[in-house]
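Quick note on labels: first sequence line is chain A, next is B, and so on, each numbered from 1. This one's a predicted model, so the numbers in the text were calculated from it and none came from an experiment.
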Amino acid sequence: MKIAKVIVDVPLMQTDKPFSYVIPSEMEELIERGMRVHVPFGSGNRLVQGIVIGFEDEELEPSVNLKEVSELLDVEPVLTDEQLWLADEMRHSVFSYKISCLKAMLPNLLNSNYDKLLKSTDGTSVKWSQLTEAEKISSAKAVRLGQLSVEYLAKSKENRKTEKFLSIPDIEKLAEFEIEKRAKKRLELKYFLLRLQEEKIAVKSLNFSSQIIKFFVEHDLVKIEEVEISRTKEKFEAVENDSAKILNFEQNAAYEKIIASSDKPFLLEGITGSGKTEVYLQTIDHFLKLGKTAIMLVPEISLTPQITNRFIARFGDKVAIMHSGLSDGEKYDEWRKIKSGKAQVVVGARSAIFAPVENLGIIIIDEEHETSYKQDSSPRYHARDIALLRAKWHGARLVLGSATPSLETRARAMRGVYELLLLTKRANEAAILPEIKIIDMRSEISDQSANFSHSLLTKIKEKIDKDEQVILMLNRRGYSSFVMCRECGFVVDCPNCDISLTLHMDTRTLNCHYCGHVEGIPQTCPNCHSRKIRYYGSGTQKVEEELREIMPEARVLRMDVDTTRTKNAHEKILEKFGNHEADILLGTQMIAKGLDFPNVTLVGVINADTGLNLPDFRASERSFELLMQVAGRAGRADKKGEVFIQTFNPHHYAIEMTKAQDYEKFYEMEMRFRRELSYPPYYFTVQVLVSHQDEEVAIQKSYEIAQLLKQNLTEKAKILGPTARPIARTHNLYHYQILVKYRFEEELESALNQVLELTQLRDNKNLRVLIDSEPQNFV
DNA sequence: AGCACGCCGACT
DNA sequence: GTCGGCGTGCTC
């Protein structure tokens, strides 16, 4: 008797282990590791989805009565052996359920309901769900033999995009077929088809009515087939081809080293404009030529057409793009394209690291310092860790690229764990580094404006007069707009969370960013009933208003969460700005990344400080990275760029090092500080977050947990807290956190698992415990 | 999560 | 006497 070990889709601690099911004999030769199944689960035998992770020949515990697998959901495995292994490896660090790890690797569509369409070579097709059990088995065998092809079908129609194509099975027959002279349209189509060069033509591109075409179909003169088309296809057609550029000496040295050895990962550290992307493109090309595949990770926020088009231009339809803007159906299309081997280059955000490519040659993580590579919900994996595992499995290269590497990465490069490759020159040698000016807002507050210094305003005017463009960044971290009464100072707070509500001008509502609570904007102060209640939209909106008042002649484009909510809004704004339909692009962080507008000669940072004083040991690092990055937007072509940074902390080292554009010095200073305070990269960190409705319970339990950790860890581990979270209450829960700093703790994993076990006790029913290894955000 | 088993209160 | 309250515990 053959038995399947199945991980069921019931994300709970008690069910987080393989369950054994008997494989019905007719399924025996079809079932494989990595396939999805339906199995009866629990006393009610409700059907749940599960993933087969292995087999046993004998049942290990004959005492338990095994049930049978009800249904095989796949004809070929949706998860590879490598992915099953990745899930096992991941689990040591993410403290999540195995099923969650597995599901993170599948497109959403496969995690929900869908059907399969079996297509035979003669064009007929049948839905899997309509087959009898016996037919299912014979069909599956036919798929194996290549007699049938299979297509997954979402239950909801809009997930699939097809187009009808026409082909001519027998041109002779068509030529000989007589059509009456008075049937002018039919004759027209006949001659059109006879002159046709292409093998297939899209029906919609023909200028003939469906009636006419139907006549040809009925006489077997033409064949119509419905072809699923990739939703992203249009994009490929619009991009012009591009070929490799000549590398400069440094770029070439980096290229040679990367292709030469896979001993250790590379850190490609190159200043803005040094041509990292060209190195990526050429190394990828090298591996493609060897018949291998590539994964290129880019932060979600920079996954703009400007970036993706460079890959499409170079590699054409070998590229699959994966980002969160795609619908489930589109993501699924791309996944299939990769899985089938049609795409060999995957460009995508964090989750693209799981792309089902085989024969991986190289993984590149651009802007490796970006925190978005760490998922901030379960499973809390870091794409870099997954990349290391995959590179190991495939013997592939791993390249981490950045102008401002994270301290962790750079420190590893210094210790020789990674090989450091430096690009110190701009690829376009004419381009010079921008000049950065720090404006001390303590002495320069303009009487005209609350946000602009006199010198920045003057400079903006000067640039606009010269017909050059300006980018203005408002640092929104730790700062959002709220409604306040001018009379009594009352601020509207969220009833569930200890935080003020954020104003959304587009929907005219007050929203809580934590629990999603929404309410209307009050007309009078709820506290003192004064009418002097004032508000502004997003910070950017307020700045925009000010700008319009001071400089009515300037054309301003605003880019923030409010203006980019709709699909493609992002792209449209950038396109407009690129066409010089505006003089000023005003936005939040999202404008700092990867944009390249040659006509931009001034970058202004309105408020450099907001991120600086956050209660997060990475606050300086983040600010420095962001400022360096936004500074890089100025003067990328032959025009010289200028950068104005407004700050109330002009002597903060993150600001001073930005002015000097000196990563090395910043690295040194920041490392010293991290060493003194025992933070990464000198120590590893893990955070335990304890939440409960009752604050007393939350406090008490978090002390218990801290105690448990102390008992199980060595004296060298440093346990901070428990302390209340910066926002102590959200969703009506009180949050307390414990931070463990450690170097070598063999018992850490088991101690943390013990903490999780605690939550299983009945008196801890309402206690929520989250474990986050190497947390990236403390606010 | 679901679902059943189980052991106490107010009802035809 | 019994219907049903939801506390407790298990799921191959």
Side-chain angles (χ1 to χ4, degrees), chain A residues 1-74 77-79 84 87-88 91 94-106 108-114 133 155 377-380 515-516 689-694 697 701 704 731-733 753-771:
Chain A
M1 191 164 57
K2 210 177 164 192
I3 288 151
K5 293 169 83 181
V6 176
I7 301 289
V8 291
D9 187 5
V10 184
L12 287 170
M13 276 197 80
Q14 298 99 310
T15 53
D16 191 27
K17 59 180 179 189
F19 286 82
S20 302
Y21 285 89
V22 173
I23 300 167
S25 54
E26 68 274 15
M27 220 182 263
E28 224 168 84
E29 45 188 297
L30 301 171
I31 196 164
E32 280 182 47
R33 260 160 68 83
M35 284 183 175
R36 294 164 313 134
V37 287
H38 272 161
V39 290
F41 197 67
S43 45
N45 276 335
R46 72 201 159 98
L47 283 188
V48 299
Q49 208 180 89
I51 290 166
V52 180
I53 58 154
F55 301 101
E56 285 164 8
D57 285 328
E58 296 285 322
E59 60 185 286
L60 293 177
E61 288 170 83
S63 53
V64 272
N65 237 8
L66 298 189
K67 293 177 186 175
E68 278 196 355
V69 176
S70 322
E71 197 187 352
L72 193 54
L73 295 173
D74 294 305
V78 290
L79 289 170
L84 294 176
D88 285 336
R91 256 165 58 83
V94 299
F95 298 94
S96 179
Y97 311 112
K98 185 151 180 179
I99 189 67
S100 311
C101 298
L102 292 168
K103 282 173 81 170
M105 303 179 192
L106 290 174
N108 262 339
L109 219 62
L110 291 188
N111 288 327
S112 57
N113 283 334
Y114 74 101
E133 284 308 306
K155 285 253 163 79
S377 62
S378 175
R380 297 166 193 272
C515 73
L689 188 64
V690 183
S691 313
H692 198 275
Q693 297 118 297
D694 186 339
V697 180
K701 291 293 170 189
E704 258 174 52
H731 304 83
N732 260 329
L733 292 172
N753 280 323
Q754 275 185 56
V755 169
L756 288 176
E757 295 289 332
L758 268 183
T759 52
Q760 296 308 118
L761 300 173
R762 52 239 116 246
D763 58 319
N764 287 340
K765 234 184 173 167
N766 296 314
L767 189 70
R768 212 182 65 182
V769 175
L770 291 177
I771 295 178

Output the rounded distance in Å from CG (A/L12) to P (C/dG9).
16 Å
Interatomic distance where CG belongs to A/N766 and P belongs to C/dT8 [whole Å]
12 Å
Take atom CD of A/Q760 and atom C1' of C/dT11, then tell me their distance rounded to the nearest Å.
14 Å
Of the non-hydrogen atoms in A/Q760 and A/M13, which two are nearest, and what is the gap between them?
OE1-SD, 3.4 Å
Using atom NZ of A/K765 as one end and atom P of C/dC6 as the other, report the distance to the nearest whole Å.
13 Å
Whole angstroms only, please: what is the CG-P distance between A/L66 and C/dT11?
12 Å
If you walk 5' to 3' along DNA chain B, what is the first nucleotide with an atom under 4.0 Å of a heavy atom in chain A, and what is the last?
B/dA1 to B/dA4
Between A/N45 (CG) and C/dT11 (C1'), how many Å, whole number?
10 Å
Determine the contact category for A/F41: base if any of its heavy atoms lies under 4.0 Å from a base atom, sugar-phosphate if only primed atoms, P, OP1 or OP2 are that close, otherwise nothing.
base
Using side-chain heavy atoms (C-beta onward) and a distance below 4.5 Å, is A/Y97 in contact with A/I7?
no
Using the closest heavy atom to pick a nucleotide of DNA chain B for each, name whichever of A/Q14 or A/S43 lands nearer the 5' end.
A/Q14
In plain terms, say whether A/D16 and A/R91 are close enough for a salt bridge, that is, a side-chain N and a carboxylate O under 4.0 Å apart.
yes
Provide, to the nearest angstrom, the distance between the NZ atom belonging to A/K67 and the P atom belonging to C/dT11.
9 Å
Is A/Y21 reaching over with its side chain to a backbone N or O of A/P40, donor-acceptor style, under 3.5 angstrom?
yes
When all nucleic acid strands are considered with a 4.0 Å heavy-atom cut-off, which category describes A/P40: base, sugar-phosphate, or nothing?
sugar-phosphate
What is the distance from CG of A/N65 to C1' of C/dT11, rounded to the nearest Å?
13 Å
So, for A/L72 and A/M35, which heavy atoms are closest and what is the spacing to 0.1 Å?
CD1-SD, 3.8 Å
Are the side chains of A/K701 and A/H692 in touch, meaning some heavy atoms are under 4.5 Å apart?
no
Within the distance-only criterion (no hydrogens, no angle test), does the side chain of A/R33 pair as donor or acceptor with the backbone N or O of A/I53 below 3.5 angstrom?
yes
